[in-house]
Amino acid sequence: MGKLLLTGVDGNLGQLTADVLLTLEPVENLIFCGYSEESLKKYAEKGIETHVTNFNNPDGLAEAFKGADALALISMPFVGAKRQNAHKNAVDAAKAAGVKQIIYTSLVNADDETNPSVEKKDHIYTEKYIQEVGLDYQFMRNSQYAEAMVTNYFTYAHMNAPLTNSQGDGLWLTFHVKTVRKH
């Protein structure tokens, strides 16, 4: 394999993946991207090629992706049109840069178009777009990340607000989440 570019090294999954890659590949085979110079500093100090990237803005993405044979695209931490556009920008840049394969962190059953989940709609969109542009691909259909669920619950608990979610047959359920303290 040639060079592997890993996006999102400033996030939870990205950092863990970067740590594993460092045990598997020589640093000259790796390119890491993230939102800030600070998040990339520890990798640059190890001799890894790094680039600050923001998928919401396509400017400079193709240049940052040059030299990579495969792009590990960790899905963005937001939903809806914004995520779809960010993923499109990354895929377009990969194609323009000559990347041969995209490894995308999708979601379990992302191709089930009958599920109304916003998250699944984003992943279906991205998977189809990757296929349409003609790149080789691997879709890593992960289940929900535990830290994402816990973070979501804590957000509502700290706001002392109801948590509304679609579950079961797609009906909206409301859970009242409250912070409980031990004395």
Side-chain angles (χ1 to χ4, degrees), residues 1-111 113 118-143 145 148:
M1 180 172 101
K3 284 194 172 196
L4 172 65
L5 187 146
L6 174 63
T7 67
V9 297
D10 41 2
N12 293 331
L13 179 60
Q15 287 179 46
L16 292 170
T17 304
D19 291 344
V20 171
L21 283 173
L22 287 169
T23 69
L24 300 173
E25 286 291 322
V27 295
E28 59 269 10
N29 290 351
L30 301 172
I31 304 170
F32 288 171
C33 293
Y35 278 112
S36 73
E37 195 69 46
E38 184 62 31
S39 67
L40 297 169
K41 187 177 178 180
K42 67 181 179 182
Y43 303 115
E45 289 171 352
K46 294 179 183 201
I48 298 169
E49 180 182 343
T50 61
H51 298 280
V52 175
T53 53
N54 179 347
F55 297 164
N56 296 308
N57 181 354
D59 296 341
L61 288 180
E63 186 64 33
F65 294 174
K66 276 191 179 171
D69 293 308
L71 170 83
L73 175 60
I74 295 177
S75 61
M76 300 292 102
F78 34 82
V79 297
K82 182 178 179 181
R83 175 160 53 180
Q84 291 175 18
N85 190 59
H87 288 175
K88 180 184 181 301
N89 289 341
V91 172
D92 289 344
K95 177 87 172 177
V99 171
K100 296 175 183 75
Q101 182 182 69
I102 292 185
I103 303 151
Y104 173 61
T105 59
S106 187
L107 190 66
V108 170
N109 296 324
D111 57 348
E113 294 186 31
V118 173
E119 290 84 1
K120 285 191 178 187
K121 289 177 184 178
D122 292 349
H123 294 296
I124 289 169
Y125 168 86
T126 303
E127 286 187 12
K128 285 183 177 181
Y129 191 71
I130 290 168
Q131 292 169 331
E132 286 172 14
V133 299
L135 294 172
D136 187 23
Y137 59 87
Q138 293 181 44
F139 298 145
M140 312 305 282
R141 290 187 171 165
N142 306 312
S143 185
Y145 302 112

*Which heavy atom of A93 sits nearest a heavy atom of L61, and at what distance?*
CB-CB, 3.4 Å
*With D92, which residues qualify under salt bridge (charged side-chain N to carboxylate O under 4.0 Å, His left out), at least two apart?*
K88
For residues 43-51, please give each side-chain donor-acceptor pair under 3.5 Å, one per line with the distance, not counting sequence neighbours.
{"residue": "E49", "atom": "OE1", "partner": "K3", "partner atom": "NZ", "Å": "3.3"}
{"residue": "E49", "atom": "OE2", "partner": "H51", "partner atom": "NE2", "Å": "2.7"}

_With rounding to the nearest 0.5 angstrom, report the SG to CG distance, C33 to L40._
7.5 Å
*According to the interplanar angle, ranging from 0 to 90°, do the rings of H123 and H87 count as parallel (below 30°), tilted (30 to 60°) or perpendicular (above 60°)?*
tilted
*Evaluate the side chain to side chain contact (heavy atoms under 4.5 Å, CB included) criterion for residues N54 and Y35: first the C-alpha distance (whole Å), next the side-chain angles of each, then the deciding distance (0.1 Å), finally the verdict.*
CA-CA 6 Å; N54 179 347; Y35 278 112; 3.7 Å; yes
*For the residue pair G80 and D122, what are the closest heavy atoms and their distance?*
N-OD2, 2.8 Å
_Using every non-hydrogen atom in the two residues, find where A72 and L4 come nearest and quote the distance to one decimal._
N-CD1, 4.2 Å
*State, to 0.1 Å, how close S36 and V52 come at their nearest heavy-atom pair, and which atoms those are.*
C-CG2, 3.9 Å
*Do K95 side-chain atoms and V133 backbone N/O form a donor-acceptor pair below 3.5 Å?*
yes
*Could you pull out all residues at least two apart from F139 that satisfy ring-ring contact (aromatic ring centres under 6.0 Å, His included)?*
Y137
Could you go through residues 13-20 and list every donor-acceptor pair under 3.5 Å that involves a side-chain atom there, pairing it with any protein atom two or more places apart or in another chain?
{"residue": "Q15", "atom": "NE2", "partner": "D10", "partner atom": "O", "Å": "3.3"}
{"residue": "T17", "atom": "OG1", "partner": "L13", "partner atom": "O", "Å": "2.8"}

*asked:* Would you say that more than 12 heavy atoms from the other residues, nucleotides or ligands in this model lie under 6.0 Å from the CD of Q131, or not?
replied: yes
*Nearest heavy-atom pair of A97 and A62: which atoms, and what distance?*
CB-O, 3.3 Å
*Carefully, step by step, assess L6 and L30 under the rule side chain to side chain contact (heavy atoms under 4.5 Å, CB included).*
CA-CA 8 Å; L6 174 63; L30 301 172; over 6 Å; no
*Tell me, please, which residues at least two apart from K66 pass salt bridge (charged side-chain N to carboxylate O under 4.0 Å, His left out).*
E63
*Could you pull out the closest heavy-atom pair between L5 and A64, with the gap in Å?*
CD1-O, 3.7 Å
*With side chain to side chain contact (heavy atoms under 4.5 Å, CB included) as the test, would you mind laying out the steps for F65 and I31 before giving the verdict?*
CA-CA 8 Å; F65 294 174; I31 304 170; over 6 Å; no
*Once you round to the nearest 0.5 Å, how far does CD1 of I130 lie from CD of Q101?*
10.5 Å
*Polar side-chain atom of N89 near backbone of F55 as donor-acceptor pair, under 3.5 Å*: yes
*Partners of K100 by salt bridge (charged side-chain N to carboxylate O under 4.0 Å, His left out), sequence neighbours excluded?*
D69
*Polar side-chain atom of T7 near backbone of L71 as donor-acceptor pair, under 3.5 Å*: no
*Atom CG of L24 and atom CG of N29: how far apart are they, to the nearest 0.5 Å?*
11.0 Å
